[in-house]
Amino acid sequence: MISNKAVNDILRNSLNLDTRQNVNEALVAQPKTYDIKTEFLSGNNKRNHKELYEGYIENFNKVSAELDTADREQSNSNHSQFRSLKLDETYNMNALYLHELYFANIGDIQSNITMDSLSYIKISRDFGEFDKWQTDFLACCAASRCGWAITYYNLFTQTYMNAVVDLHSLEIPIGCFPVIVMDVWQHAYYKDYLRDVKTSSTATTKELHWGVIEDRIKKAE
């Protein structure tokens, strides 16, 4: 995220905001580039997913700019512009971050995890054994109602746990530091697997980028 006057001027013009309305504090997200080499997802699927990701970034930037001029004095829990924008801010911000985490930790066609890696040691410790983590993680993939499965470091229990997230902002645990992220919205797999989320998730799990995951676990620790 950056504060960028030039980008904010473009946003102000696109939103038809008065030049006197300050948007200099608006957060601006910029898309990242990912080379997903997986053979388990088609080129059309990956292109479609990239477009969806860029759409979340565009919407987040618009919401961020609109929040700068939203009337906070009229905020209430039943109906207010400020409340709607704050909900949209979280939804789109989570969507872009979750996609970035997901794109970065998949598509390693030479995927490999060693028993002496921090990832293997910590996951095995907290789930009893590594295979139990995988079984639990795939169950989370199947359980999500258009959303995400996440292995995360719990800042309170100081252990690794799995979570089922619906959409982009429901059922996310407090104190959650994501280390493994799987997209199980139907748009992530439908073009290639129809409604078979189990086969899609299992295939993608076989190509997790454990080098990326290892760095996240080191950061969490």
Side-chain angles (χ1 to χ4, degrees), residues 34-53 55-56 91 94-115 117 119-154 159-173 176-217 220:
Y34 298 92
D35 183 16
I36 303 173
K37 300 182 183 298
T38 179
E39 297 177 356
F40 290 125
L41 297 172
S42 65
N44 283 337
N45 188 309
K46 286 184 274 191
R47 282 191 294 274
N48 179 63
H49 215 158
K50 179 175 180 276
E51 290 172 1
L52 286 168
Y53 160 64
Y56 288 124
Y91 185 86
N94 282 5
L96 75 89
Y97 282 144
L98 285 166
H99 277 95
E100 289 178 354
L101 290 166
Y102 168 68
F103 291 150
N105 72 195
I106 67 166
D108 183 0
I109 58 178
Q110 296 181 327
S111 178
N112 181 55
I113 182 171
T114 60
M115 295 180 69
S117 66
S119 303
Y120 188 93
I121 292 170
K122 296 295 185 178
I123 289 173
S124 298
R125 178 199 66 187
D126 293 339
F127 286 87
E129 56 186 76
F130 187 81
D131 287 347
K132 288 184 178 179
W133 161 78
Q134 187 173 47
T135 298
D136 192 81
F137 186 72
L138 291 173
C140 288
C141 292
S144 177
R145 296 172 178 170
C146 275
W148 304 81
I150 299 175
T151 300
Y152 68 97
Y153 181 70
N154 187 312
T159 59
Y160 292 89
M161 303 175 68
N162 288 330
V164 175
V165 174
D166 291 336
L167 303 179
H168 299 311
S169 53
L170 301 179
E171 289 80 56
I172 297 179
C176 165
F177 185 94
V179 295
I180 305 174
V181 174
M182 182 72 73
D183 190 344
V184 285
W185 279 74
Q186 287 191 346
H187 65 242
Y189 60 86
Y190 191 83
K191 285 181 178 291
D192 299 323
Y193 297 92
L194 297 179
R195 293 181 297 172
D196 191 355
V197 65
K198 181 177 181 181
T199 299
S200 170
S201 300
T202 301
T204 306
T205 302
K206 292 179 180 177
E207 291 186 344
L208 287 174
H209 200 310
W210 287 102
V212 170
I213 296 166
E214 183 80 359
D215 288 341
R216 291 174 184 170
I217 287 181

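- In plain terms, the two heavy atoms of R216 and A104 that are nearest each other are NH2-CB, 3.6 Å.
- Between F103 and Y53, the gap from one ring centroid to the other is short of 6.0 Å.
- With contacts defined as side-chain heavy-atom distances shorter than 4.5 Å, the pair K50/Y34 does not qualify.
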Inset, instruction - Please test W133 against T151 for side-chain hydrogen bond (donor to acceptor under 3.5 Å, both in side chains), starting from the C-alpha separation and ending with a verdict. - result: CA-CA 9 Å; W133 161 78; T151 300; 2.8 Å; yes
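- Scanning both residues, Y120 and T114, for their nearest heavy atoms gives CB-O, 3.3 Å.
- Side-chain contact between I36 and H49: absent, with no pair of heavy atoms (C-beta onward) separated by less than 4.5 Å.
- Between F177 and I150 the shortest side-chain heavy-atom distance does not fall below 4.5 Å.
- The two residues H168 and W185 have their closest heavy-atom pair at CE1-NE1, 3.3 Å.
- S111 places a side-chain N or O within donor-acceptor distance of the main-chain N or O of L208, the cut-off being under 3.5 Å.
- Rounding to the nearest 0.5 angstrom, the gap separating the CG atom in L194 from the OG1 atom in T199 is 10.5 Å.
- Side-chain atoms of S200 and D196, non-hydrogen and from C-beta on, never get closer than 4.5 Å to each other.
- Within the 6.0 Å centre-distance limit, the rings of Y153 and Y160 are counted as a close aromatic pair.
- In terms of heavy atoms, W148 sits closest to L167 at CD1-O, 3.0 Å.
- Checked by atom type and distance alone, the side chain of N94 never pairs as donor or acceptor with a backbone atom of Y91 at under 3.5 Å.
- S119 and E214 form a side-chain donor-acceptor contact under 3.5 Å, judged by distance and modelled atom types alone.
- Note that CZ of F137 is 4.5 Å distant from CE of M182, once rounded to the nearest 0.5 Å.
- Between the CG atom of D131 and the OG1 atom of T135 there is a distance of 6.5 Å, given to the nearest 0.5 Å.
- We find the CZ-CD distance between R145 and Q186 to be 13.5 Å, quoted to the nearest 0.5 Å.
- Evaluated for a side-chain contact (heavy atoms from CB on, under 4.5 Å) with C141, the options T205, T202, T204, V184 yield exactly one hit, V184.
- Considering OH of Y152 and CG of N162, their distance stands at 8.5 Å, rounded to 0.5 Å.
- When side chains are defined from C-beta on, E207 counts as touching I109, because their heavy atoms get closer than 4.5 Å.
- With respect to the salt-bridge test (charged N to carboxylate O, under 4.0 angstrom), the residues K37 and D35 qualify.
- Contact annotation: the side chain of D183 never approaches that of L98 to less than 4.5 Å [non-hydrogen atoms, C-beta and beyond].
- The line from NZ of K132 to OG of S124 is 11.0 Å long, rounded to the nearest 0.5 Å.
- In this structure a side-chain-to-backbone donor-acceptor pair under 3.5 Å is present from S144 to V165.
- The shortest non-hydrogen separation linking Y193 to A203 is OH-CB, 3.9 Å.
- Distance alone, capped at 3.5 Å, places no donor-acceptor pair between the D166 side chain and the E171 backbone.
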Legend entry - Derivation and outcome, side chain to side chain contact (heavy atoms under 4.5 Å, CB included), residues I180 and I123: CA-CA 11 Å; I180 305 174; I123 289 173; 4.1 Å; yes
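- A distance-only check finds no donor-acceptor pair linking the side chain of D126 to the backbone of T159 [under 3.5 Å].
- The side-chain heavy atoms of W210 and S117, taken from C-beta on, include no pair separated by under 4.5 Å.
- Of all heavy-atom pairs spanning L41 and K46, the tightest one is O-CE, 3.5 Å.
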